[in-house]
Enquirer: 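Take a look at the following structure, please.
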Amino acid sequence: MSLWKIAWRSIQHRALASALTAFSMALGVALVVAVLVIHSVIDQSFRRSAQGYDLIVGPEGSPLELVLTTVYHLGKPIGTISHQQYMDVAFGQYARDIELAIPICTGENYKGYRIIGTVPEFFDKLEYRDGQHYEFSAGNNFSAAGFYEAVVGATAARKAGLVVGSEFRPTHGLEEGQGAEHDPFTVVGVLAPTGTPNDRAIFINIEGFYLMHEHGHEHGAEGEEHGHAAEDPAAAGAVEDAHDDHAHGEGAQDEGAGGEHAHDEHEHGEGTNGEGVASAHEDHAHEGHSHGEEGALDHRAVSAVLILTNQADPTRRIALPRWISEQAGIQAVAPAEVITNLFQGIVGNVQLVLMVLAVLVVIVAGIGMLVSIYNSMSDRRHEIAVMRALGARRNTVMSIVLLESILLSLGGGAVGVVIGHALTGALAPLIMEHTGVVVSALQFQWAELILIPGLVVLATVVGYIPAVIAYKTDVAQSLTAKP
C-alpha cells in the first residue's frame, strides 16, 4: 500500500476532525482568492475606463476628483469652466494637437443615476476601451438636433425601467429626490453593456442640458426675458453644426468673415474650425440679447472636456497637459496616470493590508491543523507502534504524517478556491451596481497558482512537529500501554 493511501486512510479514520481542519484552511484560502480576483478585476476595469481619450480638461482643483467625477461618475463636480475656455482649448492655439474635444456637463440625476450632457460624437467617435466602440442594444444615438433626446447606459436602463421611447424628467442635484424636476427627455437608445461606469449613467444632448436649466418647468416657452444663447434652436444648431464640422474636418471654409472675426478676437492663429464655432456664438450674441456675448458664453459652461490628442507628434502630446494647465483657471490631467497613482499610492496599500490579513488567516488555519494533528498523536501511538513492529521505518512513519498534513492543506485549499470564486460571483451583482465593474466567478488570476506551493510549504512546516513525535515513538512502550 502506498504512503499516500495510508495517509488518506488515516484522514478518513478521523473524518470529522479532518473535515473541520480542512475547512478552516479553505476559509483562509477563499479570502486570499477573493482579494486577488476582485482587486485585479477592479484595477483593470478602472484603468481601462479611461482609455478612450487622453486628457480631461476641467476647472482647477484636485486632479483625482476631476477624474472620479468625469470618468467614474463618483463624488461631486469641482466646478465648471466657461464656454470661452472650452473654445480656446478645443479650437484655439492647441487645435493642431487635438483630434477630438468632447464637452461634458454634470449636476443632475434621474432616480440616483447621473445625467451627463454631451454631444453625439461621444458615442460615434470615442472608444470606451482600446479598439472597442459603443454599441446599442436598442435604438440609436441621439442627434445633434434632438435637444431632448437621451441615451441610457445598460445598468441605468435596467434599474430605472427605461426603454426606447420612455420619457423621464431629470432632477436637479446628484441625489435622488432632492431637487426640482426639469423638462422631460425621451430615450432614443440603450447602450449595450460596456463594463464601465458609463453603464450607470444617462446621457442627454448638451443643448437640452442647457435648455432645461433655462426653461425650468416651462419647456417650449418662447421669447424669455433673458434670451440665453441656447434658447434659440437655430443658434444652438449652428453651434452644434460648427462642432460637427470640426469633428469631420469640414466646413472650415464656409465661415468667411465671421471666422476671421473670431480669429482676430481670440488671437490664436490656428484652429479654423474653432473660429467657426466662435463666430456662431458671436453672431448670435449680437442679436439683441440683454446679457450680451459674455453672458451667453458663461451660461454655456461645461464641467469638463474629454480630449483625444493628435498622435502624430508624441513630443507635443506629452507637453500638451502642461501647456493647457498654464491657462488661468483650468487644468489638464491624464486620467490613466491619475488612476495609476491612485492604485499604487492608496488602493495598492489597501490591497496589501487585505492580503496580509488573508495570509494571516491561512497561517492561523495552518496552526489549527498543527494542533489537530498533534492532539491526535496520543491516540495514534498504538497504531504507529504496530506499523513499526510490522517493519515500517521511522522515516516512513514520519513521511505518512507529513503527507497527511499536505493532503489536508491541499484539499482545504482546493475547496477554498471554489468558495473564493463562488463568493466573487455572489458579490458580482453588487459590485456591478455600485461601480459598474463586471466581475465573473470564472475569472482566475495567475497569482492563484502560488497557492499550491505555498500550501505545500505550510503543510510541511505545521506537520513537522507531529511527524517528529511519530518518529520518536517508543514501540515497546506503546504496544504494552493500555488503550
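Computed from a predicted structure; not experimentally measured.
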Enquirer: Are the side chain of Ser166 and the backbone N or O of Val187 linked by a donor-acceptor pair below 3.5 Å?
Expert: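 Absent.
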Enquirer: Would Thr186 and Glu167 satisfy side-chain contact (heavy atoms from CB on, under 4.5 Å), going step by step from the backbone distance to the final call?
Expert: CA-CA 4 Å; Thr186 301; Glu167 284 195 353; 3.6 Å; yes
Enquirer: With a 6.0 Å cut-off on ring centres, are Phe123 and Phe203 close enough?
Expert: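 Between Phe203 and Phe123, which both carry aromatic rings, the centre distance is below 6.0 Å.
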Enquirer: According to the side chain to side chain donor-acceptor pair (under 3.5 Å) rule, which pairs have a member within residues 410-430, sequence neighbours left out?
Expert: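 Passing the test, one end in residues 410-430: His421-Glu448.
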Enquirer: Looking at every heavy atom in both Thr309 and Glu99, which two are closest together, and how far apart are they?
Expert: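 Here Thr309 and Glu99 meet closest at O-OE1, 3.8 Å.
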Enquirer: Where do Phe142 and Val119 come nearest, in terms of heavy atoms and distance?
Expert: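 In this case the closest contact between Phe142 and Val119 is CE1-C, 3.7 Å.
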Enquirer: For Ser143, does its backbone N or O pair with a side-chain atom of Glu149 as donor and acceptor, under 3.5 Å?
Expert: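 Yes: the side chain of Glu149 pairs with the backbone of Ser143.
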Enquirer: Nearest heavy-atom pair of Gly173 and Asn109: which atoms, and what distance?
Expert: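 Scanning both residues, the minimum pair turns out to be O-ND2, 2.7 Å.
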Enquirer: Around atom CD of Glu135, are there more than 12 heavy atoms of other residues, nucleotides or ligands at under 6.0 Å?
Expert: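 Check fails, neighbour count at 12 or below.
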Enquirer: For Ile307 and Tyr94: C-alpha separation, side-chain torsions, deciding distance, then whether side-chain contact (heavy atoms from CB on, under 4.5 Å) applies.
Expert: CA-CA 11 Å; Ile307 300 293; Tyr94 312 113; over 6 Å; no
Enquirer: Please assess Ile115 against Phe168 for the test side-chain contact (heavy atoms from CB on, under 4.5 Å), listing each intermediate value before the final yes or no.
Expert: CA-CA 11 Å; Ile115 302 292; Phe168 66 94; 3.9 Å; yes
Enquirer: Count the heavy atoms of every other residue, nucleotide or ligand shown that sit under 6.0 Å from CZ of Phe23, and state whether that count exceeds 12.
Expert: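 At most 12 heavy atoms, drawn from other residues, nucleotides or ligands, come within 6.0 Å of this atom.
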Enquirer: Ignoring hydrogens and angles, state whether a donor on the side chain of Asn198 or Tyr128 is under 3.5 Å from an acceptor on the partner side chain.
Expert: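 Looking only at side-chain atoms, Tyr128 and Asn198 do not form any donor-acceptor pair under 3.5 Å.
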Enquirer: Any sub-3.5 Å donor-acceptor pair from Tyr134's side-chain atoms to Asn141's backbone N or O?
Expert: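 Side chain of Tyr134 to backbone of Asn141, a donor-acceptor pair under 3.5 Å: no, none is there.
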Enquirer: Please test Leu211 against Asn205 for side-chain contact (heavy atoms from CB on, under 4.5 Å), starting from the C-alpha separation and ending with a verdict.
Expert: CA-CA 10 Å; Leu211 285 169; Asn205 190 314; over 6 Å; no
Enquirer: Let me have the donor-acceptor pairs involving side chains of residues 329-336, under 3.5 Å, with sequence neighbours excluded, atom names and distances please.
Expert:
residue	atom	partner	partner atom	Å
Gln331	NE2	Pro59	O	2.9
Gln331	NE2	Gly61	O	3.4

